[in-house]
Amino acid sequence: MKKIPVSMTVNDDEVDIYVPAHWTLLDVLREELELTGAKEGCGEGVCGSCTVLMDGHPVRSCLTLAAEARGARVLTVEGLGGPGMELDPLQQAFIEKGAVQCGFCTPGMLMTAKALLDSKPEATEQEVREAISGNICRCTGYAKIVEAILDASHKSET
Amino acid sequence: MDKEFTYIGKRVPRVDSLSRVTGEAVFAADLKLPRMLVGKVKRSHVAHARIVRVDTSKAERLRGVKAVVTGRDTAGVKWGVFRYTQDMEFLPRDKVRYFGEEIAAVAAVDEDTALEALELIEVELEELPAVFTPLDAMASEGPWIHDEYPNNVNVHVEINVGDVEKGFEESYLVREDTFTAAEDDYFMGEPFAVVARFDDGGNLEMWTPNAGPHMKAKPLSNALRMPLNKVRVRKIAIGGAFGGRSEISPADYICALLARKSARPVKLIYTREENTVNVRMGHALITTIKTGVDREGRVLARDITCYMDGGAYSSTGPIATSVPFLCMEQAYRMENVRYNGYRIFTNKPVRGMIRMHGRSFACGVDLQLDRLGEELGIDPVTMRLRNARKAGETTPTGSVVSSCGLTECIEKAAEKIEWRKKYGNLPPWRGIGIGINSVQTGFPLGIRGGSQAFIKFNEDGGVTLNSGVVDNGQGNDQMLVQVVAEELGLPLEDVNLITADTELTANDPGSYSMVSTFAGGNAARLAAIDAREKLFRIAAEALEANPADLVLKDRKIFVAGSPDRFLPLTKVVRMGLIQGRPVSGEGHFAPKVDHRREWVSNPHGQLSEAFSFGATVAEVEVDPDTGQVRVLEVAAAQDCGFAINPMVVEGQFEGSVAMGGQGGMLTEYHFWDGGRCMNPTQLEYKVPLAADMPRIHPIIVESNDPGGPYGAKEAGMSIAMSAAQAYASAIADAIGVTITDFPMTPDKILEAIEKRRQEERK
Ligand code: FES
Ligand code: FES
């Protein structure tokens, strides 16, 4: 199998690896780097559970070839906050507002929300709903997710 | 509730959310074990065929392939939820019965090799005539899908209570309508994935999404011919279930078989398409309902016949055939009622229980009630109130309803959306509707006992709760932690869990039939009380007080009324250790049901100890040019008994409105080419998105069930169902036509509007 070199930054770590040419960014994250926060819910770009940020923009890592991510700064949910780091206000709000049920959609949802609030810190409810409409959640009906994102945006304002 | 609680009834964040927001929670697909192989399944490309030959020799020779299995590697054990429905081989030897059924499987060093190996497996099939609808299946002259079931009739449930004919005779008005619905599906966030390995003691360890680990271990031990105590289904994060994780999956078995043959760990992850076709899906239904009412709209007689498309195997057939009726007999008073439910085999994927089980059934009952009311000049809310179930009554099949807040649910939901003001007064193309429903809180499957829990104290006063309860995402772990923390006066973080592991935890009925809080919560509560009593006995001696006068709060044991007479909990735990009477707790609980009741042979007696009730009111606006429905507002009221955590309960309501109403009534259905599902992924099976969702008002109604822990029953299911009914009712109100085929997609709405216009022109 033909392998290609891929260099990128993932959550502040420099990564230099060889991976099969057909691998996606999601394959690299999950299989090679063992960052399993990004999930594969569909593998065809519909569900959003694999969303990560590439140079600040949300991408579907299941549709992004590893080769396309060369030289990029990739941020996954593991880099957003967690053990040894402070939680991002979004993560905090998701916990407090009950926005997490099974949690399978959560990492992707958080990354999409992060990109939104980074570019639009005072997003309206409508903007939040539209922004996360590429992320499917089957458990929550979205009510508490929207509430959590709005809550995080208000907190970062103050 | 007269007692002041610290955690119970409070909106406390879930303890398991942290690992989900950081990405640390481990789902089955996230697991990686040393030398782990990748498993893949070879599937049938026809709907019905005899298996003539499966040649795996080429695949076996491919470099990197470590095991190949076919029906020849199995012991031929058939799976069925009941003894009388054992009809499914996990790797069939003789016949395939639906497009996509398992024929063989491989384990290889990587995915590419595994996929290549599948291509090298030669399968020769002799195609048989296939049937794809219940009516064709019954009319078919054979060959039957299963030889033992003539005319492909899998299950017939017959219930006949009172005098239906007399009821119709006495009725002022009688209507008969037929309602149909296509298959709906779970689309849980997580596609199915399983990891299996044999440890150095020959024990099978398995990580797999489940709705009850013990319910997987048993069939695995049967099929693999190994002792139950050597099958260890482990705890793992689970990405949603909604009824779709209730049974053993053929892939659980296949993965174990591959692990055994290759002597290496194997991970098998389903594609989204496999998760749809090879797990379970909802039944398609044809439901004919005849209802007679008196002048005041009270139902005097009802006769229902339902044909359910069951797909290729029995699965939960007897339950699935009964539940749509049982929900309605719980929600509505009916003295004279007849039900004939038929589950029919077809050459399609297997159907199981789903959150909104039997939408054409429940929506049909409610829509028909609306039409009867219209003819009588009685509005839908009044029609519901006149027929709604009340506490203390007995259902037609003999279940006593100990607690019921249905009337309050109806009134509160209606009030929230201003029903009285709006009904009949909305502008054109706007409509308002209501649905009501009821679900069981645990019913016996004929094989299941209750739940058992143990509590162990650590020296620092923290505890570990051991319970078989599984969390599919609904918050069962949180429920257990809140219960134990409350009873033992501990902070939430001092309660650790060992749950849902068949080696470590005792039997539990699983999370199906909405029983976790009722059975598992009660067991945990009793275990905590047991431990507390032991603590109090030790503390009472030291404090020279009566154990009955002690209270446990904030990690201290007090003499009630004297705040300075106390001992720290840690100290009492240590005293127990020193005195040779270490503190532990045990609790068990089994719901009181009539064990003579059987789904088909004896559908009478107490079905479930408690029932939840829900009423949903929805207001919609229909665009007459596009047929699009915009849902403006939804009020969802449920009698959940008691909300142990209102925030979690609301989350269940909101998710239920999305799945039952928004998705279930507007967009969700499968379409087919013969036996092949044409929309197996979310690309073309449309689940609701954030921008689609209306504002939802969750309304918690508490009837405090005498048997439930703190009065709790279940949360959300009767909302999923009543939301579907409310959506159907509101759309009918908006367009002035009753659509009888679900979901109500824009094409059906436009057609209905057009028909109405033509009729008006005449
Ligand atoms: S897995 Fe990438 S969008 Fe679904
Ligand atoms: S929380 Fe389960 S899919 Fe979103």
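Note that the structure is predicted; figures quoted are calculated from it, not measured. The analysis underlying the following values was restricted to heavy atoms, covering all of them including side chains, and did not include hydrogens, waters or symmetry mates. In the text below, chain A, chain B and the rest are named by the order of the sequence lines, each starting its count at 1.
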What residue, out of [options], has the most heavy-atom pairs lying under 4.5 Å from chain A?
options	result
B:Pro13, B:Gly655, B:Gly716	B:Gly655
B:Pro688, B:Gly473, B:Ser656, B:Gly663	B:Gly473
B:Gly239, B:Gly189, B:Ala658	B:Gly189
B:Met188, B:Lys32, B:Arg11	B:Lys32
B:Val657, B:Thr271, B:Asp112	B:Asp112

Does the side chain of [Y] come within less than 4.5 Å of [X]'s, by heavy atoms?
X	Y	value
B:Asp692	A:Arg129	no
A:Glu78	B:Glu24	no
B:Pro191	A:Phe104	yes
A:Lys144	B:Glu654	yes
B:Thr22	A:Gln91	yes
A:Thr36	B:Val26	no

Winner by heavy-atom pair count (cut-off under 4.5 Å) against chain B, out of A:Ala38, A:Gly141, A:Cys105, A:Cys102: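 Most pairs with chain B among the choices: A:Cys102.
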Which of A:Thr140, A:Thr76, A:Thr106, A:Val146 touches chain B most, by non-hydrogen pairs under 4.5 Å: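 If we count pairs closer than 4.5 Å to chain B, A:Thr140 comes out on top.
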Return yes when atom [atom1] of [X] has more than 12 non-hydrogen atoms of other residues, nucleotides or ligands closer than 6.0 Å, and no otherwise.
X	atom1	value
A:Arg70	CZ	yes
A:Glu86	CD	no
A:Lys120	NZ	no
A:His57	NE2	no
B:Lys416	NZ	no

Measure the spacing between [atom1] of [X] and [atom2] of [Y] and express it to the nearest 0.5 Å.
X	Y	atom1	atom2	value
A:Cys137	B:Leu689	SG	CG	11.0 Å
A:Cys47	B:Leu683	SG	CG	10.5 Å
A:Leu87	B:Leu18	CG	CG	6.0 Å
A:Tyr142	B:Ile696	OH	CD1	11.0 Å

Using modelled atom types only, decide if a donor and an acceptor are shared between the side chain of [X] and the backbone of [Y] within a distance under 3.5 Å.
X	Y	answer
B:Arg14	A:Gly98	no
A:Arg138	B:Phe242	no
A:Gln101	B:Gly651	yes

Using non-hydrogen atoms only, which part of [X] is less than 4.5 Å away from chain B: side chain, backbone, both, or neither?
X	result
A:Cys139	both
A:Leu110	side chain
A:Glu125	side chain

Show the nearest heavy-atom pair for residues [X] and [Y], with the distance to one decimal.
X	Y	value
A:Ser133	B:Ala691	OG-N, 3.0 Å
B:Gly23	A:Val77	CA-CG1, 3.8 Å
A:Val100	B:Arg20	CG1-CB, 3.6 Å

[X] versus chain A, heavy atoms under 4.5 Å apart: side chain, backbone, both or neither?
X	value
B:Ala25	backbone
B:Asn275	neither
B:Asp477	neither

Presence of salt bridge, A:Lys39 and B:Asp30, under 4.0 angstrom: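 Looking at B:Asp30 and A:Lys39, the cut-off is met.
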Check: B:Gln682/A:Glu44 side-chain N/O donor and acceptor closer than 3.5 Å: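 The answer is no; no qualifying pair exists.
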